[in-house]
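Working notes, beginning with the structure itself.
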2 protein chains.
Amino acid sequence: MELDFTRLDRAFNPKCVVVVGDKQEGDFRWLRAQRAFKGKLYSVQVSPKSIEGIKKLGIENFTSLMDIPGDIDLVICAVPRTVSVQILEDCIRKKVGAAHFFTSGFSETGTAEGKKMEAVLREKSHQAGFPLIGPNCMGIFNPKIGIKQTVEQYTGTSGQIGFISQSGTHAIFFSLEAHLQGMDISKSVSFGNGIVLDSADYLEYLGHDPETKAIGMYLEGIKDGKRFLKVLREVSRRKPVVIWKGGRTEAGGRAIASHTGSLAVPQAVWDSAIRQCGAINVDDMDELIDTLKALIYLPPVKGARVAVAGGSGGQSVAIADDFGEAGLAIPLLTRQSYDELSTFFSLVGGSYRNPVDTGNPNSKEVKRIMEILARDANIDSLILMISTHFITMGFATDEDVNSQVSLMADIRDRFAKPVMAIVSYSTPRGMEQARSVTKKFQTKGIPAFPSTRRSAIALRKVLDYYRRRGGNA
Amino acid sequence: MELDFTRLDRAFNPKCVVVVGDKQEGDFRWLRAQRAFKGKLYSVQVSPKSIEGIKKLGIENFTSLMDIPGDIDLVICAVPRTVSVQILEDCIRKKVGAAHFFTSGFSETGTAEGKKMEAVLREKSHQAGFPLIGPNCMGIFNPKIGIKQTVEQYTGTSGQIGFISQSGTHAIFFSLEAHLQGMDISKSVSFGNGIVLDSADYLEYLGHDPETKAIGMYLEGIKDGKRFLKVLREVSRRKPVVIWKGGRTEAGGRAIASHTGSLAVPQAVWDSAIRQCGAINVDDMDELIDTLKALIYLPPVKGARVAVAGGSGGQSVAIADDFGEAGLAIPLLTRQSYDELSTFFSLVGGSYRNPVDTGNPNSKEVKRIMEILARDANIDSLILMISTHFITMGFATDEDVNSQVSLMADIRDRFAKPVMAIVSYSTPRGMEQARSVTKKFQTKGIPAFPSTRRSAIALRKVLDYYRRRGGNA
């Protein structure tokens with residue numbers, strides 16, 4: 001089907017939204033999720049019991065989609081599967097922009113009945129050129145205007161990351177987790193079985209979306225491989241695309257078959273095709289978030305040699321191991337750097353190799369140490385490590401953290417080297433502190449990662465990406 | 001040096017402890033850390049300013065170790081390195097059980113001066129047969145009697161895990177993190193440069209300690225390889241030993257040289273030697289904690305075939321991938337199981353392959369589903385997955401969680417199969433809830449892990465361990 005961008009754009013930026021079939025038993029999850037939406041919001045429901053609840057929510061209800069006054073940009077359809085064809089027909093007659101079918105029970109069940117009903121939906125949509133999103137999915141999230149996939153998502157703010165997901169759970173968890181780490185969504189879509197609009201369509205759309213600077217995807221399979229790779233190649237020229245592909249193992253492939261019914265692709269074939277298109281492969285949600293974070297915040301990374309400051313003895317070993325295992329280098333500094341460090345560095349209980357131990361009694365010299373590392377010809381990127389444990393223990397105050405954030409921003413501005421932070425935690429309170437410190441760093445444009453290993457993997461991913469792009473980065 | 005277990009035992013279970021050189025500037029960290037200790041606690045300090053603060057703490061101070069009345073079982077020495085030899089001489093004359101030297105600035109600095117001072121300490125200890133712990137370390141943690149490495153550690157309770165660490169930071173973080181996950185320490189020691197007592201000595205000691213059921217170690221190197229492997233082989237016959245070896249990479253090896261001055265060992269050589277002794281290798285702190293948890297709580301694991309219940313579509317794929325990549329199987333169930341499931345399982349929106357989707361509307365049938373999985377001939381181990389996200393969202397109550405914990409304990413008791421839980425989180429509040437749910441499971445003897453990947457790696461580690469032990473497990 002030829003993609004009509006105008007209609008998809010209406011669905012992603014609707015002025016009028018109608019929820020069909022939201023019910024009391026489901027606590028009106030779809031209507032409640034759109035409470036922050038400033039445009040027109042209507043309900044279609046025929047059950048008297050549910051209609052009563054909808055009225056209590058202050059939302060106008062109609063018993064048929066056809067009765068809704070004016071143009072409808074987006075329909076969210078939560079009816080039982082047996083009613084889904086009728087609602088689709090109404091959408092088509094009513095010239096709705098696009099419809100998101102939350103309704104499930106189709107090909108993903110593996111039953112003849114489910115497959116047959118899905119075929120009817122597909123056929124009717126294709127005949128009418130109707131952009132159906134789903135079925136068996138969570139639809140659209142546009143935080144800026146308050147269109148949400150679940151009540152828990154945020155609104156009123158907008159970020160730079162577009163997200164396209166074959167799984168509703170991953171779409172929701174990604175949006176929440178990235179938000180807590182200080183990275184917001186521009187537009188996101190969960191498309192489930194993708195029987196009419198598929199991953200390539202959403203990718204093409206977000207590829208042209210000026211609000212989206214980088215795109216993340218969770219995919220289980222692709223239907224039209226040739227078209228997907230063509231679109232991926234085109235979009236990757238303009239903005240980075242990071243793809244988490246589920247079903248890397250045989251068992252994962254089987255789980256996919258009963259989730260969205262996609263066919264398995266051999267992982268090696270997939271990886272190489274994606275790389276050749278200029279996109280980036282990752283293996284899980286953490287890598288997806290971390291890599292997007294590094295892409296959004298770092299300048300092009302060109303070298304594998306990293307200097308890490310912070311962390312005491314045993315931590316330095318773990319840092320060096322984690323970076324080494326990610327294929328990065330923690331090299332010795334130049335003679336000149338060691339000469340400079342030796343004029344003030346307190347050796348007792350600390351190391352000035354690399355990683356550089358900036359704990360007590362060298363903590364007052366972090367600025368001088370960072371400047372030496374930034375000037376060092378053996379070093380491409382700089383990382384400061386902060387353990388929230390030391391904040392919890394009262395060894396570091398909020399003020400200390402703020403001054404370290406400013407210091408790193410200053411180093412980043414004065415030296416042309418990528419600057420990152422690692423903010424580790426091991427308790428719920430530490431996790432809360434880490435998220436707050438992470439946001440402080442990221443507000444200043446410095447990515448902060450929750451562990452050494454995660455920062456090492458993200459840095460390696462973007463290094464490979466910029467190396468493949470060569471001079472075009 | 002021939003190890004005198006009686007003296008080491010006095011140090012691990014002291015009746016009288018003396019802290020030498022704790023000072024105002026360090027906020028009396030060592031004296032304050034021992035506040036819960038019920039035995040005799042004295043201080044030795046000569047600085048008038050610090051003596052005043054020690055009196056305020058209500059602790060009796062002497063200006064010389066020789067003046068302390070009665071027998072001393074453990075000395076904690078925090079003097080500057082220049083005074084360390086004198087304190088050691090006093091310890092020897094006073095026939096102290098053993099002394100922990102927090103004092104640093106020796107061979108780990110790489111300086112001639114540091115190496116020379118360390119050699120003097122070593123020689124004097126050897127001549128006198130004196131068990132020196134350290135230097136450059138955090139010493140002993142015995143929570144039951146209130147001997148601690150840092151104020152933040154817990155007391156008044158005792159667990160089954162012994163821990164031996166060449167890094168003080170790792171020793172402390174391990175004790176805190178394991179505790180938050182519901183696993184307590186029996187006895188732990190950080191031994192730093194290990195110039196008199198080395199890892200093998202502590203391993204031999206904890207190997208004979210009846211309170212210690214499993215031993216974790218963080219090592220950077222070993223001095224007497226032959227003896228270490230001999231002791232490791234002996235201890236591993238009696239209880240499981242899990243070893244995290246720092247310095248797996250070249251950069252890690254260099255970080256080690258400036259931390260504890262140990263020499264690097266090629267990783268492959270190390271791994272195979274450890275395995276041949278019947279011990280278990282892990283790569284980081286998380287694996288160390290998770291593997292010990294699986295060893296403590298699970299019966300011998302004999303098969304690689306796992307059934308997972310819980311998690312929705314996209315999560316099922318990630319679960320299958322994570323277990324597949326860890327070398328475990330998520331197989332199809334038997335025909336009989338599918339026949340039974342089909343009598344009640346709601347297919348719409350859920351899968352009954354494996355992983356089995358127990359979300360709405362099948363959540364009321366978890367008991368029946370678990371019984372079917374437990375009886376299935378294709379399945380060796382059972383895992384229930386819980387996302388705290390659903391607790392936070394109000395979809396699951398405390399009561400639901402309690403009943404799932406009871407249900408799993410019941411399944412474990414009725415069927416002879418290992419039973420585990422995964423309790424995932426993505427927010428600080430979720431982390432807090434996850435820790436509480438984890439403890440509930442572990443109180444019933446069911447290990448709970450914070451992510452699919454971590455549970456898969458831990459299960460794989462213990463499976464390999466029990467397979468190597470063959471019939472002896």
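To find a chain, count down the sequence lines: A is the first, B the second, and so on, and within it residues start at 1.
- Of the listed residues (B:Pro428, B:Gly324, B:Gly252), the greatest number of heavy-atom pairs within a distance under 4.5 Å of chain A belongs to B:Pro428.
- Considering CD of A:Gln181 and OG of B:Ser426, their distance stands at 10.0 Å, rounded to 0.5 Å.
- B:Arg32 pairs by the side-chain contact (heavy atoms from CB on, under 4.5 Å) definition with B:Asp27, B:Phe28, B:Leu57, B:Val151, not counting sequence neighbours.
- With a 4.5 Å cut-off on non-hydrogen atoms, A:Ile319 does not touch chain B at all.
- For A:Arg453, the part lying near chain B is the side chain, with the backbone staying farther off; criterion is any non-hydrogen pair under 4.5 Å.
- Interface check for chain A: of the options B:Ala329, B:Ala320, B:Ser387, B:Pro331, the most heavy-atom pairs under 4.5 Å are formed by B:Ala320.
- With values rounded to the nearest 0.5 angstrom, B:Glu432 atom CD is found 11.0 Å from A:Met431 atom CE.
- Rounded to the nearest 0.5 angstrom, B:Ser424 OG and A:Met285 CE are separated by 10.0 Å.
- Only the side chain of A:Glu177 comes within less than 4.5 Å of a heavy atom in chain B; its backbone stays farther off.
- Interatomic distance, A:Asp321 CG to B:Asp283 CG, rounded to the nearest 0.5 Å: 8.5 Å.
- Scored by the side-chain hydrogen bond (donor to acceptor under 3.5 Å, both in side chains) test, B:Thr427 finds no partners at all (sequence neighbours excluded).
- With a 4.5 Å cut-off on non-hydrogen atoms, A:Leu180 touches chain B through its side chain but not through its backbone.
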